[in-house]
There are 2 protein chains.
Amino acid sequence: MNLFRQQLESTFKLSSMADNYNVLELNIGLGNNNNSKVGGHAGQSPRQRCPAPFLLKTYELLEELSENEKDSTKIVSWNAEGTGFVVWSPAEFSELTLPRYFKHNNFSSFIRQLNTYGFKKISSKKWEFKHEKFQRGCRHILGEITRKKCEPSVFPAYLKSSSEENNATSSMEENNDHHQLLMEENKNLKKERLELQMQIDECKTLEMKLLECLSQFMDSHQNKVRRLC
Amino acid sequence: MNLFRQQLESTFKLSSMADNYNVLELNIGLGNNNNSKVGGHAGQSPRQRCPAPFLLKTYELLEELSENEKDSTKIVSWNAEGTGFVVWSPAEFSELTLPRYFKHNNFSSFIRQLNTYGFKKISSKKWEFKHEKFQRGCRHILGEITRKKCEPSVFPAYLKSSSEENNATSSMEENNDHHQLLMEENKNLKKERLELQMQIDECKTLEMKLLECLSQFMDSHQNKVRRLC
DNA sequence: GGGAATATTCCC
DNA sequence: GGGAATATTCCC
């Protein structure tokens, strides 16, 4: 009875796929923004850092929804050249898309964030936005996009005071870089641990169910056999 | 074979439950806080203003949930005197209550807000909080509760660290200590991860075996039944 | 318990 | 489009 086995296996696969937790899922790998501590120095090439959650989510949203459906039902997509994106249907975008990625469903809050990160609306007729560093296939440069600051705070706090003495500063800097990396790795490890533990919990639950299954199945067949004798 | 089928289905449900919670539910009617514009003048009696959304929501939550159920199932309530409130079950409070009133389900974020508004935890054993101006039946003085301000201090944040001389060395030392701790934690986390992954592997193997078992058992019994007929 | 960053809201 | 307040998160 292979059909049965298939059923079991599909059950097995389904439950180990961990497709539950829509909300949790999206947070994974989006929470670790260590932007705050990394200071860019004028004249240096832009330091790569972990992109802001907002940018990552917006990028992923485009990756996930851009190819969907026919043009007529498209809610949001990259523009033809991949140099920007278009919200084709603000209403559906607000109602359906935003709450899947953010903690709200307000188009204006989304726009506010775009402005914060320096995106430009490039047409008065369409909701099309561009940012030099936000393009299709270029996830790796998202980290170069920064929030517009109201403060002149370019240096991290602990470097500002001693920005003249370069010896001390540069070794401090290295130290701090390492420190940052460590903390980031640490955080990710903890998140991973949680995920692994959740996987284990799922596994255990499934095992219990399988065992129950097995035992009940045995009982019922025992009875059948007995009746047939 | 309905029993079996039921079991399979219940197993399946386990994985499809995906009960994403309603983040958007409660934005209604709490958004209009005009606090920003009203300046308090020193020496004047406290000016009444529109309470912060956080305070209103917390107050309403207490009004709505405090009377519910018997004591044994209470999640959160005013304390006996109405001078503060108690979160009896932080787990349920986080999972069920918070997302109904706020855009998150994190107990620590709720606590952070309480601290911001000057609430005090008044017992190390219970999650009981008080604020002089936050009492049962006194919705009208909520407007007098203000956020603790992070002083628009004389120094900008980035100058603060240099306002004393001792910290150059001591902060270095602290840094190193912290560094050591981080590295240690990191190492342990990696070890833990390995162990967890091994556990998962074991689980998977066991699951496979159970499945095999089940299918072979079924095959053989099918044959038995057939022979007996 | 709180500093500080990002997110969301509100208002001009 | 952006200033500024509150909310939420992250870290110490």
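Being a predicted model, the structure only gives us computed values, none of them experimental. Numbered from 1 within each chain, the chains take letters A, B, ... in sequence-line order.
- Between the side chains of B/R112 and B/T116, at least one donor N or O lies within less than 3.5 Å of an accepting N or O.
- Taking side-chain N and O atoms only, A/R112 has no distance below 4.0 Å to OP1 or OP2 of C/dC10.
- C/dC10 atom P lies 17 Å from atom CZ of A/F107, rounded to whole Å.
- Remark: B/K103 is in phosphate contact with C/dT9, judged by side-chain N or O atoms under 4.0 Å from OP1 or OP2.
- For A/N115, taking side-chain heavy atoms from C-beta onward, the closest of the listed nucleotides D/dG2, C/dT6, C/dT8 is D/dG2.
- Residue B/F110 is out of contact with every strand shown, counting any heavy-atom pair closer than 4.0 Å.
- With sequence neighbours left out, the side-chain hydrogen bond (donor to acceptor under 3.5 Å, both in side chains) criterion links B/S123 to no other residue.
- Taking only side-chain nitrogens and oxygens, B/K148 comes nearer than 4.0 Å to OP1 or OP2 of C/dG2.
- By the 4.0 Å N-to-carboxylate-O rule, A/R136 lies too far from A/E63 to be salt-bridged with it.
- Spacing between atom CZ of A/F54 and atom P of C/dT6 amounts to 13 Å, rounded to whole angstrom units.
- Following rounding to the nearest Å, A/L98 (CG) and C/dA7 (P) show an atom-to-atom distance of 14 Å.
- Going from atom CZ of B/R147 over to atom P of C/dA4 covers 14 Å, rounded to whole Å.
- Residue A/Y117 places no side-chain N or O under 4.0 Å from the OP1 or OP2 atom of C/dT6.
- Here B/K121 does not reach the OP1 or OP2 of C/dG1: none of its side-chain N or O atoms lies under 4.0 Å away.
- Side-chain contact, B/N79 with B/E128: a donor N or O sits under 3.5 Å from an acceptor N or O.
- We find that CZ of B/F129 is positioned 11 Å from C1' of C/dG1, with the value rounded to whole Å.
- Summarising the geometry, the separation between CD1 on B/I111 and P on D/dC10 is reported as 16 Å, rounded to the nearest angstrom.
- Residues A/Q135 and A/Y59 bring no donor and acceptor atom of their side chains to less than 3.5 Å of each other.
- For A/S109, the listed nucleotide lying nearest its side chain is C/dT8; candidates were C/dG1, D/dG1, C/dT8.
- Between B/K57 and D/dA7 there is no side-chain N or O to OP1 or OP2 distance below 4.0 Å.
- Computed from coordinates, the A/Q113 CD to D/dA4 P distance equals 17 Å when rounded to whole Å.
- Contact check, A/N106 against C/dT8: no side-chain N or O comes under 4.0 Å of OP1 or OP2.
- Spacing between atom CG of A/L55 and atom P of C/dA5 amounts to 17 Å, rounded to whole angstrom units.
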